[in-house]
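For reference, the structure is listed below as structure tokens.
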Amino acid sequence: MPSGPVGPYGAAPWPGPAAGRPVGEEPRRRLHPLSPALHGAKSLVVVIAGLSWSTLSRVGFGWFAAMVALLALGATVLAVVSWYNTGYHLVGRELRVHEGLLWRRTRAIPLERLQAVEVVRPLLAQLTGLAELRLEVVGGGKTEAPLAYLSVAEAHALRQRLLDLAGRVPVATPPGAPAAPGVPPAPGAPAAATYPGRVAPPGRRLHEVRNQDLLVSQLLTPQAFLLPFGVLFVVSQFLSEGSWSFVAVASTLTAMAGVLLQPIRRVLDDWNFRLASDDGRLRVHNGLLETRAQTVPLNRVQTVGVTWPLLWRPKGWLRLRLEVAGYSAAEPDDRNRPDRLLPVGDAGTGERIVAEVLPGVQLADLPTTPPPRRARWLRPLSRQALGAGLTERVLVVRSGLLTRQLALVPYARIQSVRVVRGPVQRLLRLATVHADTAGGAGAAAPHRDLAEAWALAAELTERAHAARR
């Protein structure tokens, strides 16, 4: 354990004298002292799952418990060593994270590249009053420099400070008010330029999803309709074995949990979903067992996606998603991707939220035109569902036959425009126009007439340049 003072939120300063530090560089700080315990507990769950129930049946309970204890002890020791050699501090407009014992590594994250900051609280972190800070940056294939774990107050204060340094004036503290504990002001900064260690303010409330609607929306999915068949298959397999041993029952319960996990997990992730706007930023709060507090600057939004699932249409429901650079490739399982804008809502709610994120865009009034009739050779059933159009502010691309989808790409976020022609498209004089965004999928208008495709590409290029200027 480090010597010296420990802050009121548990973040200990990095050991060593301050002499020799460059001017403007803050002292390094460690993560919360309970971090190794949480990492060790997570490793214990992984170890037990990895050993499986078949190992228990082969070696017996005594040896199984000894193996689990030994591996858990090793994981905890490694977690303590990792915690002792991990620290972070701010240097100018960079966040630097230091880690490693034998191989030292320092990651410098320019705050200008910051796309979003999340405060995530898994179940164990909620029980111990801790939180994890996750950063999403431009061009990042995964979450950068996750700081796990900090106290909740320190995580929110550090998030506020990073966002302020990334593009806003620092929050002024009234004269005589104490500085934010756990996140000291930069050396040489005036006493008034501090960052209050408060929980993220609610901002202007935009919408709160009813948990009842969330449950019903998950029941109106193909996975929910197939769920009874999955449960029936697992039960029939268990009954056909004819064994009521501990291992057989445990294996059956594990398989049952795997079948039920996906729909239940979606409900838990979006539970108590709240959306607010705070001075040019979106604030998203959601989750039951694992809570998330996400902050996304509106000027970093790359694309807004609108989806109308087939079974939701009788109720007039839709789903909204954001595309922010660094998120698309980060979470292929579609669970932990922090891109939710509206899990479920009616048309009026979707209209209001889209207008908040993309000012001047009216969701109910977006003109699109379908591809030419000869495109039916490539899309015989869904040609009429395809469409593309330009508004004053965004590119609009429509797709989907059973599940209708709409992609809205602001011109200022378009990084490149491509015209692609496959072999059959060349025969039919068709082409697909791609509008690429930073680190994301962007949007594609498929099977347009060749002359129209080149004209659309030229218009998109011109509007993108004008919007960026």
Side-chain angles (χ1 to χ4, degrees), residues 1-2 6-12 29-51 65 68-69 71-84 86-88 117-135 143 145-160 180-183 197-202 211 214-215 250 253-254 257-258 260-262 264-274 283-295 331 333 335-338 340:
M1 297 294 290
V6 177
Y9 295 109
R29 306 189 69 82
R30 280 206 178 97
L31 304 176
H32 196 280
L34 288 179
S35 299
L38 269 69
H39 286 298
K42 291 168 58 178
S43 301
L44 179 62
V45 175
V46 174
V47 165
I48 295 176
L51 291 177
V68 170
L71 292 174
L73 178 62
T76 303
V77 170
L78 291 177
V80 171
V81 173
S82 175
W83 169 83
Y84 190 81
T86 300
Y88 69 94
V117 184
E118 276 192 293
V119 176
V120 182
R121 302 190 66 198
L123 181 59
L124 286 176
Q126 294 184 56
L127 295 176
T128 52
L130 301 181
E132 177 181 351
L133 196 70
R134 298 180 184 177
L135 310 179
T143 301
L147 299 177
Y149 293 88
L150 306 170
S151 69
V152 175
E154 184 183 1
H156 282 287
L158 181 57
R159 176 182 68 169
Q160 185 68 32
V183 185
R198 63 185 186 277
V199 174
N211 292 327
L214 186 64
L215 288 169
L253 293 178
T254 303
L260 300 173
L261 183 61
Q262 183 68 16
I264 294 177
R265 192 170 59 179
R266 288 181 179 274
V267 173
L268 295 178
D269 288 344
D270 291 330
W271 195 260
N272 288 333
F273 188 93
R274 302 187 303 277
R283 295 192 181 271
V284 182
H285 298 260
N286 60 291
L288 181 59
L289 298 183
E290 178 179 276
T291 63
R292 291 172 175 266
Q294 176 193 6
T295 301
E331 301 289 350
D333 66 351
R335 181 202 171 198
N336 291 326
R337 288 171 53 183
R340 294 172 177 85

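Everything numeric in this text was worked out from a predicted model, so none of it was measured.
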Next item on the list: Please examine the side chains of Val120 and Thr291, heavy atoms only from C-beta on, and report whether any two atoms are closer than 4.5 Å.
Entry: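 The answer is no, as the side chains (C-beta and beyond) never meet within the 4.5 Å cut-off.
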Check: Between Leu78 and Val81, is any pair of side-chain heavy atoms under 4.5 Å apart?
Finding: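 When only atoms from C-beta onward are counted, Val81 and Leu78 do not touch, as no gap falls below 4.5 Å.
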Closest non-hydrogen atom pair between [X] and [Y], with its separation:
X: Thr86; Y: Arg30; value: O-CG, 3.7 Å
X: Leu130; Y: Val152; value: O-CG2, 3.9 Å
X: His156; Y: Ala293; value: CE1-CB, 4.2 Å
X: Ala131; Y: Val119; value: CB-CG1, 3.7 Å
X: Arg159; Y: Leu133; value: CB-CD1, 3.9 Å
X: Leu150; Y: His32; value: CA-CB, 4.3 Å

Check: Who are the side chain to side chain donor-acceptor pair (under 3.5 Å) partners of Asn286, not counting sequence neighbours?
Finding: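 With sequence neighbours excluded, Asn286 shows a side chain to side chain donor-acceptor pair (under 3.5 Å) to no residue whatsoever.
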Next item on the list: Check whether NZ of the Lys or CZ of the Arg Arg29 lies under 6.0 Å from the centre of the six-membered ring of Tyr88 and within 45 degrees of that ring's axis.
Entry: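 No, Arg29 does not sit over the ring of Tyr88.
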Quick one: [atom1] on [X] to [atom2] on [Y], what's the gap to the nearest 0.5 Å?
X: Leu124; Y: Leu34; atom1: CG; atom2: CG; answer: 11.5 Å
X: Asn211; Y: Leu215; atom1: CG; atom2: CG; answer: 7.0 Å
X: Ile264; Y: Asp269; atom1: CD1; atom2: CG; answer: 12.0 Å
X: Leu31; Y: Glu154; atom1: CG; atom2: CD; answer: 8.5 Å
X: His285; Y: Arg274; atom1: NE2; atom2: CZ; answer: 6.0 Å

Next item on the list: Using salt bridge (Lys or Arg N to Asp or Glu O under 4.0 Å) as the criterion, point out the one residue from Arg265, Arg292, Arg340 that pairs with Asp270.
Entry: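 Filter result, single survivor: Arg340.
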Next item on the list: Evaluate the criterion side chain to side chain contact (heavy atoms under 4.5 Å, CB included) for residue pair Leu158 and Leu147; output intermediate values, then yes/no.
Entry: CA-CA 11 Å; Leu158 181 57; Leu147 299 177; 3.8 Å; yes
Notebook entry, point to check: Are the side chain of Ser35 and the backbone of Tyr149 linked by a donor-acceptor contact shorter than 3.5 Å?
Noted result: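 Answer holds: yes.
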Notebook entry, point to check: Hey, is the main chain of Leu289 close enough, under 3.5 Å, to the side chain of Trp271 for a donor-acceptor pair?
Noted result: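 No, the answer is negative, given that no donor and acceptor are paired below the 3.5 Å cut-off.
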Item checked: Summary of side-chain hydrogen bond (donor to acceptor under 3.5 Å, both in side chains) pairs that have at least one residue in residues 120-130, sequence neighbours excluded ->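 Residue pairs passing side-chain hydrogen bond (donor to acceptor under 3.5 Å, both in side chains), neighbours aside: none found.
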